[in-house]
Amino acid sequence: MDFENIAYLKYGTYRQRQAYTTLNDYKILLKLKKFDPILVGTIPLTIDIATSDLDIICFFTSSKEFVETVENNFGSEHNFTIREVMINGNFCIVANFVTQDFEIELFGQNIPTKQQLAYRHLIIEYDLLQQYGEKLRQRIINLKNQGFKTEAAFALELNLTGDPYTSLLELERNE
């Protein structure tokens, strides 16, 4: 599966088609092109629920340039916010705004997108869904509707112990 090309969304579920339209109407990936954006999270995996947002990860070498690009292109969008955070010892920029159909989260780090944890989790979860099929997908959706985060839902269903984010990454190493 090529998650770098969102063309798969236009032939997917209703929410995937909505995501495709939103990403194109707002030209989100185009405006972020120099930051290697990739849509991650639940919608690419069809494990989204009604409140799922569009999570887009980005790679920056200059946080200042990333912030300026995001503010210039999306700063006037509804409920726009941008903040700096430290996650697992890594400096991150997180911006959020709301469109007609989705909340959008832009997440930037000075880590290439395919090496970021969100992308690595996406690939692991995709492989698990391919391996275990529709039954696992439905159980994950049910747990998400009960308030579980995606990684915690996978960990529970697969009987993984410890921190769900770390436990999933251990599956990556074992493949």
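FYI, the numbering just counts along the sequence from 1.
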Stepwise side-chain contact (heavy atoms from CB on, under 4.5 Å) test for R83 and N96: CA-CA 9 Å; R83 65 194 184 284; N96 296 84; 3.1 Å; yes
Step-by-step side-chain contact (heavy atoms from CB on, under 4.5 Å) determination, F3 to M1: CA-CA 6 Å; F3 289 108; M1 180 68 165; 3.4 Å; yes
Verdict with supporting geometry, L9 and R17, side-chain contact (heavy atoms from CB on, under 4.5 Å): CA-CA 5 Å; L9 294 172; R17 293 190 311 271; over 6 Å; no
Step-by-step side-chain contact (heavy atoms from CB on, under 4.5 Å) determination, I141 to I49: CA-CA 7 Å; I141 291 170; I49 60 174; 4.2 Å; yes
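With N24 contributing its side chain and K27 its backbone, the two residues share no donor-acceptor pair below 3.5 Å. Between the side chain of R137 and the main chain of L45, no donor-acceptor pair closer than 3.5 Å is present. Although no hydrogens or angles enter the test, the distance criterion places a donor-acceptor pair under 3.5 Å between the side chain of S167 and the main chain of T161. Listed for the D2 side chain is a donor-acceptor partner under 3.5 Å among the backbone atoms of E4. Not a single donor-acceptor pair under 3.5 Å links the side chain of Q109 to the backbone N or O of I93. Formation of a donor-acceptor pair under 3.5 Å by the H121 side chain with backbone atoms of Y165 is found in this model.
Heavy atoms from other residues, nucleotides or ligands lying under 6.0 Å from OH of Y132 number 12 at most. Counting heavy-atom neighbours within 6.0 Å of E134 CD, excluding the residue itself, gives a total above 12.
Checking T46 against T13 by side-chain atom types alone, no donor-acceptor pair falls below 3.5 Å.
Closest heavy-atom contact between Y26 and K31: O-NZ, 3.3 Å. For the pair N110 and F60, the tightest heavy-atom approach, listed with the atom from each and the gap, is OD1-O, 2.9 Å. When all heavy atoms of A7 and Y20 are compared, the pair lying nearest together is CA-CE1, 4.2 Å. K34 and E65 make their closest contact through NZ-OE2, 3.2 Å (heavy atoms, listed as atom of the first residue, atom of the second, distance). Between D53 and E103, the shortest heavy-atom distance links the atoms CB-O, 3.1 Å. Taking both residues in full, the closest heavy atoms of L32 and C58 are given as CD1-SG, 4.0 Å, listed atom of the first, atom of the second, then distance.
I56 pairs in a side-chain contact (heavy atoms from CB on, under 4.5 Å) with only one of the listed residues (T113, V40, L39), which is L39.
Here CD1 of I124 is found 6.5 Å from CG of L171. Values are rounded to the nearest 0.5 Å. Interatomic distance, L29 CG to N5 CG, rounded to the nearest 0.5 Å: 10.0 Å. To the nearest 0.5 Å, atom CG of residue L143 and atom NZ of residue K149 are 14.0 Å apart. Annotation: the span from D55 atom CG to I43 atom CD1 amounts to 8.0 Å, rounded to 0.5 Å. The CD atom of E151 sits 9.0 Å away from atom CG of L169, with the distance rounded to the nearest 0.5 Å. In this structure, Y14 OH and D48 CG are separated by 12.0 Å, a value rounded to the nearest 0.5 Å.
Side-chain contact between V98 and I104 is absent, with no heavy-atom pair separated by less than 4.5 Å.
Under the 4.5 Å side-chain contact rule for hydrophobic residues, F59 and V94 do not share a cluster.
Every pair passing ring-ring contact (aromatic ring centres under 6.0 Å, His included) that includes a residue from residues 77-106 is listed here, sequence neighbours excluded: F74-F97.
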